[in-house]
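All heavy atoms count here, side chains included; hydrogens, waters and symmetry mates do not.
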Amino acid sequence: MPDKKWLEEMESRIPHGGVRTRFAPSPTGYMHVGNLRTALYTWLIARHSGGKFILRIEDTDQGRLVEGAVDVIYRTLAECGLDHDEGPDVGGPVGPYIQTERREFYKEYAELLVERGFAYRCFCEKTESEEDSGDFDRGDDPCRSLTPEEADARAAAGESCVIRQKMPRDGSTTFHDAVYGDITVENKELEDQILLKSDGLPTYNFANVIDDHLMGITHVVRGAEYLSSAPKYDLLYRAFGWEVPTYVHCSSVMVTDRDTGAVRKMSKRHGDPSYEDLIAQGYLTPAVVNYVALLGWSPGGEREIYNLRELAEVFDIHGVSKSPAVFDIQKLTYFNAEYLRAMTPEDFAAVAAPWIRKAVKNPRADPAQIAALLQQRTEKLSEIPEKVDFFDALPEYAPELFIHRKSKTDIPGSLETLSKLLPVLESLDPWDDGTILASLVKVAEAEGVKNAKIMWPLRIAVTGRAVTPGGAVEIARILGREETIRRVKAALERFQA
């Protein structure tokens, strides 16, 4: 029998007044893009209305838990700026905020439903996976017809059982969603889902209803794949006599399959990137957050670039679309480039430095100077190492690189130019952009040629690349006098021979 006094005490703890939202991930591994979008929309709803954002860890599916996954959740939320007001690490008035620590709560509420006739004890054989999911083809479950006394006697005798929700066989259930509107389902289509497993732990479908009510959650944001479960949730709320929260079901995030070209749901098992993958691929967290916010939601108008504070100001549930959102990596790359170029030089140098050091190990090379060449030429940070590796060591290159139609250079003429530049470079003081540029322009004037005919051979000699971030002057300045001269001599010795 449920403890009525305890139930009353639990009800008295529930906060009222104001918006309260929750992000309730299962610690089963990485944070995929759909998870991040759910967390973001949940946070935005709370912050837009001046409400509370709660973090709850749903770990009742013990078989799928991944070690370290809770840390991934904390780290991702923190990096994205999605601070929570209540949660396992910060506490709050309606804890605990980890479901396995609320184990005894669910038993009381399951027993209350049995007492009211909205649930029953089932002694039928069931698979472990069916217990975990709560799915059940009701058919003619003989346990539905047991009297409460018969069921209690069998349980007292030690028979293992689960507690199932007793679905109505007739009529229909209608629920309202803020995105999809009113949806009606025939009750005969609803199975008697498991609420409490034989090990005493609740299924997801039961635990989230109990916890959402006890935590005073006013808005429930989740993926559209849970629409089919919403009538079951509604029937549970009605059975308890509780107010139903506002449902916000978000359409799926789709992606175009690289192999087949078909559009499918985004999935890690198909090689689609998680949040951590995107960061490892050189995307900035603010760019990812901005882009993910627009996957299925529109603020209206042409503007696309918003920081987190601005998103919270303009976010409106009515802008969430029913249509599936398509994750476009090229669009994300565009967002990322915009964010990189808008950074201060100092901030860009800070985020670029670790990527520069992946390729440039020489301690004499200044990452900040190299970063200055990259900021307007970089779309994602992972491009940086291959752009700047020549600063560390001159790569092997063919003399044909000295041939450039636009600059009107060829191999013999380029080597002649380098021979004339060598004593000029050796005599330069100071070694800075202005002095280097003036000396190269002076040589071009003396030869009666355009500057490009002088610049191109020098750039090839010091980089071994046809395409570089920055021109000959900037690169020579960063390399320094000694290294620039060494590379020019190396070109002459190699190709003149």
Side-chain angles (χ1 to χ4, degrees), residues 349 352 356-378 383-497:
I356 292 171
R357 281 302 183 204
K358 286 177 183 288
V360 184
K361 309 295 184 183
N362 187 337
R364 293 192 300 274
D366 183 357
Q369 292 188 40
I370 297 174
L373 305 183
L374 296 165
Q375 186 165 4
Q376 301 305 316
R377 301 176 174 92
T378 301
E383 299 170 352
I384 290 177
E386 65 180 7
K387 288 178 181 285
V388 301
D389 56 0
F390 65 84
F391 279 106
D392 202 55
L394 185 66
E396 290 291 325
Y397 64 98
E400 285 75 19
L401 282 184
F402 286 114
I403 302 172
H404 192 257
R405 181 177 300 176
K406 188 175 180 180
S407 300
K408 298 181 179 180
T409 60
D410 55 22
I411 297 172
S414 294
L415 295 176
E416 182 180 351
T417 295
L418 292 176
S419 296
K420 292 176 180 178
L421 285 178
L422 186 57
V424 173
L425 295 172
E426 288 175 329
S427 65
L428 282 188
D429 186 34
W431 188 265
D432 57 33
D433 284 0
T435 306
I436 297 171
L437 176 61
S439 68
L440 298 181
V441 170
K442 187 174 182 180
V443 171
E445 290 173 347
E447 296 296 314
V449 299
K450 292 185 176 180
N451 293 344
K453 196 164 186 177
I454 303 299
M455 302 287 188
W456 183 263
L458 178 59
R459 184 152 71 93
I460 297 302
V462 297
T463 68
R465 295 280 182 82
V467 179
T468 59
V473 172
E474 301 154 299
I475 292 170
R477 183 250 305 159
I478 293 171
L479 285 171
R481 183 204 315 274
E482 182 180 338
E483 181 62 14
T484 298
I485 291 171
R486 188 189 72 77
R487 293 187 181 194
V488 170
K489 287 180 176 179
L492 291 170
E493 290 170 4
R494 178 181 176 191
F495 296 122
Q496 284 181 333

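Nearest heavy-atom pair across Ile356 and Ala371 is CD1-N, 3.8 Å. Of all non-hydrogen atoms in Thr409 and Ser414, the two that sit nearest each other are CB-OG, 3.8 Å. The minimum heavy-atom distance linking Thr484 with Ala476 is given by the pair OG1-O, 3.2 Å. Closest heavy-atom contact between Pro469 and Lys387: CD-O, 3.4 Å.
Ile475 places a side-chain heavy atom less than 4.5 Å from the side chain of Leu373. Phe391 is listed as a side-chain neighbour of Ile478, based on a closest heavy-atom distance under 4.5 Å. Under the 4.5 Å side-chain criterion, counting only non-hydrogen atoms from C-beta, Trp431 is in contact with Leu425. When side chains are defined from C-beta on, Ile411 counts as touching Leu415, because their heavy atoms get closer than 4.5 Å. Two residues are said to be in side-chain contact when any heavy atoms from C-beta on lie closer than 4.5 Å; Leu421 and Thr417 meet this criterion. Counting only heavy atoms from C-beta outward, the side chains of Asp410 and Phe402 never approach each other to under 4.5 Å. With a 4.5 Å cut-off on side-chain heavy atoms, Phe390 and Val462 do not count as touching. For the pair Ile384 and Leu374, the minimum side-chain heavy-atom distance is below 4.5 Å.
A salt bridge is absent between Lys361 and Asp392: the closest approach of a Lys/Arg side-chain nitrogen to an acidic carboxylate oxygen does not fall below 4.0 angstrom. A salt bridge links Lys489 with Glu426; the closest basic N to acidic carboxylate O contact falls under 4.0 Å. A salt bridge links Glu483 with Arg487; the closest basic N to acidic carboxylate O contact falls under 4.0 Å. Using a 4.0 Å cut-off between a side-chain N of Lys or Arg and a carboxylate O of Asp or Glu, Arg494 and Glu396 qualify as a salt bridge.
The backbone N or O of Ala466 lies less than 3.5 Å from no partner atom in the side chain of Trp456, so there is not a single donor-acceptor pair. Using modelled atom types, one side-chain atom of Arg357 and one backbone atom of Val360 make a donor-acceptor pair closer than 3.5 Å.
With rounding to the nearest 0.5 angstrom, the CD1 atom of Ile436 is 6.5 Å from the CG atom of Asp432. Residue Ile485 holds its CD1 atom at 11.5 Å from CG of Leu479, rounded to the nearest 0.5 Å. Here Arg405 contributes atom CZ and Ile403 contributes atom CD1; the two are 10.5 Å apart, rounded to the nearest 0.5 Å.
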Practice prompt. Evaluate salt bridge (Lys or Arg N to Asp or Glu O under 4.0 Å) for Arg459 paired with Glu474, printing each intermediate quantity in order.
Written response: CA-CA 10 Å; Arg459 184 152 71 93; Glu474 301 154 299; over 6 Å; no
Discussion item. Between Asp389 and Arg465, is the salt bridge (Lys or Arg N to Asp or Glu O under 4.0 Å) condition met? List the steps.
Written reply: CA-CA 10 Å; Asp389 56 0; Arg465 295 280 182 82; 2.5 Å; yes
Side-chain donor-acceptor contacts of residues 440-452 below 3.5 Å, not counting sequence neighbours, with atom names and distances?
unit_1 : atom_1 : unit_2 : atom_2 : d
Glu447 : OE1    : Lys420 : NZ     : 2.8
Glu447 : OE2    : Lys420 : NZ     : 3.0

